[in-house]
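Okay, so here's the structure we're looking at.
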Amino acid sequence: HNKNENENENEYEYQPRTQCLCNEYINKTLLDIERHRTVCAYRIYCCRQCCNIFGDRQQLISHQKQYNHGHQIEYEAPNVYYCDYNGCNASFYLQSRLTKHKKSHSRP
């Protein structure tokens, strides 16, 4: 094998994947999880040590205590948009989804 052939083999190396709450499989890297979070309808929490994802903050904290990952707690999506319609608790990562959702309140 020459050097270029070895580089091409590494390109196809197995990449661990994880399943999101939306059932989509994503590469188990912080970068890929962060990219997925921008389009996923679910709020997910990620362990920075092992890239496992969880549906709520308490699950993440329990995981980190169990596996001694310390107290470096998750990162949340930077922007969350909330519906201000009376009695509605909807939240979205994309403002465009919130705008579309708000229109549903004005339908008969």
statement: Closest non-hydrogen contact found for R37 with Y45 is NH1-CA, 4.4 Å
- request: Not counting sequence neighbours, which residues clear side chain to side chain donor-acceptor pair (under 3.5 Å) with D56? List them please.
  value: none
task: Could you pull out the closest heavy-atom pair between I33 and C46, with the gap in Å?
output: CD1-SG, 3.8 Å
- prompt: So how far is it from I26 CD1 to C20 SG, rounded to the nearest 0.5 Å?
  reply: 5.5 Å
message: Can you classify the ring geometry of F54 versus H63 as parallel (below 30°), tilted (30 to 60°) or perpendicular (above 60°)?
response: tilted
message: Checking Q58 against I61 for the side chain to side chain contact (heavy atoms under 4.5 Å, CB included) test, could you report, in this order, the C-alpha distance in whole Å, the side-chain angles of both residues, the deciding distance, and whether it holds?
response: CA-CA 5 Å; Q58 195 55 48; I61 292 169; 4.2 Å; yes
message: List the residues meeting side chain to side chain donor-acceptor pair (under 3.5 Å) with Q19, not counting sequence neighbours, and say none if there are none.
response: N23, Y25
task: Starting at CG of N86, measure out to NE2 of H105 and round the result to the nearest 0.5 Å.
output: 10.0 Å
task: Please name the pair of heavy atoms, one in Y82 and one in R43, separated by the smallest distance, quoted to 0.1 Å.
output: OH-NH2, 3.2 Å
message: Strictly by salt bridge (charged side-chain N to carboxylate O under 4.0 Å, His left out), give each pair with a member in residues 83-102 just once, sequence neighbours left out.
response: D84-K102
Over all atoms of both residues, closest heavy-atom pair of K28 and C50: CE-O, 3.3 Å
- prompt: Of all residues at least two apart in sequence or in a different chain, which pass the side-chain contact (heavy atoms from CB on, under 4.5 Å) check with Y42?
  reply: L21, C22, C40, I44
- request: Mind checking the CG-CG spacing from L60 to N52? Nearest 0.5 Å is all I need.
  value: 9.5 Å
